[in-house]
2 protein chains.
Amino acid sequence: MNAKKAVERQTGVALWRQIADLIRLSISNGDYDQTGMVPPETVLAGQFGVNRHTVRSALAALADEGLVQAIQGRGTMIQRKERLSFPISRRTRFSQGLGDQARETEAKLLAKGTLPAAGDVAKGLKIDPGAPCIQLDLVSSADGRPVSCSTSFFPQSRFPAMAEQFEQLHSITKAFAAQGLADYVRVSTELVARHADASELALLRLSPGAIVIEATAINADPDGVPVQFSRTRFAADRVKLKIET
Amino acid sequence: MNAKKAVERQTGVALWRQIADLIRLSISNGDYDQTGMVPPETVLAGQFGVNRHTVRSALAALADEGLVQAIQGRGTMIQRKERLSFPISRRTRFSQGLGDQARETEAKLLAKGTLPAAGDVAKGLKIDPGAPCIQLDLVSSADGRPVSCSTSFFPQSRFPAMAEQFEQLHSITKAFAAQGLADYVRVSTELVARHADASELALLRLSPGAIVIEATAINADPDGVPVQFSRTRFAADRVKLKIET
DNA sequence: TATAGTTGTCTACATTAATAGACATTTCGG
DNA sequence: CCGAAATGTCTATTAATGTAGACAACTATA
């Protein structure tokens, strides 16, 4: 692994942020597992070729995320290093997939509504543009940390009580079951990565400049009829997507 | 699509870069397809709540990427908007997957070498740590634009001529075939998104601050024996990963 | 209890990013 | 041909980022 650490100037991304990203990556790679600590500020400053104060800004940002904690005289300890591994397969479900990686998972309803299907939604669900859809906006968390936020669309004609069922059952799988759909599979997933926008920063409690992975997915019933069109944004520094074929 | 455009200050990411990223996203989303032009600078400045000069910096960065071109008196024209859709399935291969999206694809060998397998490589290939591996570093391009750079490891005992075969055939699939492996399948893919490091910026000709999607994958022969461990970094703003299950 | 090694804090200054305004230049339509 | 609308260029100012150095405060260990 060469992966030479280097930062670039005049890029529109502050040095301290680039360095914070690189240190975060090193932590999640386990580079510092032997000591459980980040190297001393002076050493990091030397590695990156910047002033110690710049490194301190980077570490302050990571401390702010709760990833590290500095102790005067001792060093900067690593508090947390996990990335949740999130499986994507034909049977993708949020909570089951995480398994024992988190003690507690939660899906919180942010908004619900009924609206005519826009072009991409109608195409994904194979319904007429303008046909009524139920939209659910969720934030999913593991052990109290937001992992993803999603917007899902369901054809109203087939699942008229989707919003109400979800509110009671707190699970899309169960809400489907309550409306007579015992099983469903993932038929399509498209992934894109980009910087988080303001609403995502707030929902996922990200530090600004963070990256999200946007997964646009379609679930269908066993006969192949689409039942859900969703757009899920994952906090990129908290997850690893594991594709199972 | 609400996707409210908003930028944040004091985040370590310059406003002009955040705005450039948002405009790039709008372009690839087709938001400006009606006119084929980006909205006027004054309009964008109003939407984002920044000074016109800041918008100009963002547009200059996009012009530098060749994405737009400003013409005095007329406006800023969109030059290019595509994202390549890159399939990931059990039969993932680079050039076939792109199909007719690009007229020409190329895989260029950057470096080759033999080295003992590090921990993660050995684990992925199911060989003893320290056993000799052949490493190939590639950059793959479509129509002359770099799309991904990758580092692959192959067990030397089974594919001793991997590097030489690739140099002749310019294809990993063909190099496998030349060494008696007619078919192979993808058994594992893990995805992570992060900021590009300096070497990736150079290899992929990205503008600094850009995002890469890192796919760590294992290919195996029909009997399930791993034959290739690879880490591919995609230029996130040029690709969409389409997962086929 | 020294002492080396570490983080914390402070001051000063240079560079980059962003704002503000004015005006020139070019294009296009009435 | 004029004027509206758009980009191009310039100056000036403020805020954020990065560098540099010095020293205080704390921790662990010899």
Side-chain angles (χ1 to χ4, degrees), chain A residues 5-23 27 32 34-64 67-79 195 198 207-209, chain B residues 5-23 27 32 34-64 67-79 195 198 207-209:
Chain A
K5 291 172 185 174
V7 288
E8 305 268 311
R9 287 150 202 269
Q10 296 179 333
T11 64
V13 181
L15 291 181
W16 64 263
R17 171 142 297 284
Q18 298 182 52
I19 291 170
D21 289 340
L22 287 171
I23 295 175
I27 290 175
Y32 308 138
Q34 294 182 337
T35 60
M37 303 178 68
V38 172
E41 295 168 354
T42 49
V43 173
L44 289 170
Q47 286 178 5
F48 291 117
V50 300
N51 192 275
R52 179 178 154 230
H53 294 298
T54 308
V55 170
R56 283 179 61 75
S57 297
L59 290 174
L62 295 178
D64 209 54
L67 211 64
V68 301
Q69 184 186 6
I71 298 178
Q72 186 171 161
R74 291 189 60 190
T76 302
M77 336 291 281
I78 294 169
Q79 300 287 92
H195 287 119
S207 50
Chain B
K5 291 171 186 174
V7 288
E8 306 268 312
R9 287 148 202 267
Q10 294 179 336
T11 65
V13 181
L15 293 181
W16 63 264
R17 171 140 297 285
Q18 298 181 52
I19 291 170
D21 289 339
L22 288 171
I23 295 175
I27 290 174
Y32 308 138
Q34 294 182 337
T35 60
M37 304 177 67
V38 173
E41 295 169 352
T42 49
V43 173
L44 289 171
Q47 284 179 5
F48 291 118
V50 301
N51 191 276
R52 180 180 153 229
H53 293 295
T54 308
V55 169
R56 282 180 61 75
S57 297
L59 291 175
L62 295 178
D64 208 56
L67 212 65
V68 300
Q69 183 187 6
I71 298 177
Q72 189 172 160
R74 291 188 61 189
T76 303
M77 338 289 281
I78 294 169
Q79 299 288 92
H195 289 118
S207 49

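Scope of the values below: all heavy atoms of this structure, side chains included, with no hydrogens, waters or symmetry mates. Everything numeric in this text was worked out from a predicted model, so none of it was measured.
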From the set dT7(D), dA17(C), dA25(D), return the single nucleotide nearest to any side-chain atom of Thr76(B).
dT7(D)

Nearest-Å distance for atom pair CG/C1', residues Leu62(A) and dT7(C)
16 Å

Euclidean distance, atom CG of residue Asn51(A) to atom P of dC10(C) [Å, nearest integer]:
17 Å

Taking CD from Gln69(A) and P from dT6(C), how many angstroms apart are they, rounded to a whole number?
18 Å

Please check this pair: side chain of Gln18(B) against backbone of Val13(B), looking for a donor-acceptor N/O pair closer than 3.5 Å.
yes

Selection from dA6(D), dT19(C), dT7(C) that lies nearest to any side-chain heavy atom of Val50(B):
dT19(C)

Nearest whole Å is fine: how far is dA18(C) C1' from Glu41(B) CD?
15 Å

To the nearest angstrom, how far is Arg17(A) atom CZ from dT16(C) atom C1'?
17 Å

Between C1' on dA28(D) and CD on Gln72(A), what's the gap in Å once rounded to a whole number?
14 Å

Atom CE of Met37(B) to atom P of dT26(C): distance rounded to whole Å?
17 Å

Please give, in whole Å, the distance from dT6(C) C1' to Met77(A) CE?
12 Å

Over all strands shown, is Thr42(A) touching base, sugar-phosphate only, or nothing at heavy-atom distances under 4.0 angstrom?
nothing

Using the closest heavy atom to pick a nucleotide of DNA chain C for each, name whichever of Ser57(B) or His53(B) lands nearer the 5' end.
Ser57(B)

Side-chain donor or acceptor of Arg52(A) under 3.5 Å from a matching atom on the base of dG8(C)?
yes

For the pair Leu44(A) and Ile19(A), evaluate side chain to side chain contact (heavy atoms under 4.5 Å, CB included) and give the outcome as yes or no after the intermediate values.
CA-CA 9 Å; Leu44(A) 289 170; Ile19(A) 291 170; over 6 Å; no

Note, Phe48(A) side chain near Leu22(A) side chain (heavy atom, < 4.5 Å)
yes

Which distance, rounded to the nearest 0.5 Å, do you find between the CZ of Arg74(A) and the CD of Gln69(A)?
10.0 Å

Tell me, do Val68(B) and Ile27(B) make a side-chain contact under 4.5 Å, heavy atoms counted?
yes

Thr54(A) vs Ile71(A), nearer the 5' end of DNA chain D by closest nucleotide:
Thr54(A)

Please determine whether any donor N or O and acceptor N or O are separated by less than 3.5 Å between the side chain of Arg56(A) and the base of dG18(D).
no

Gly73(B) or Leu15(A): which one's nearest nucleotide on DNA chain D is closer to the 5' end?
Gly73(B)

Where the side chain of Ala14(B) is concerned, which of dA18(C), dT7(C), dT17(D) is the nearest nucleotide?
dA18(C)

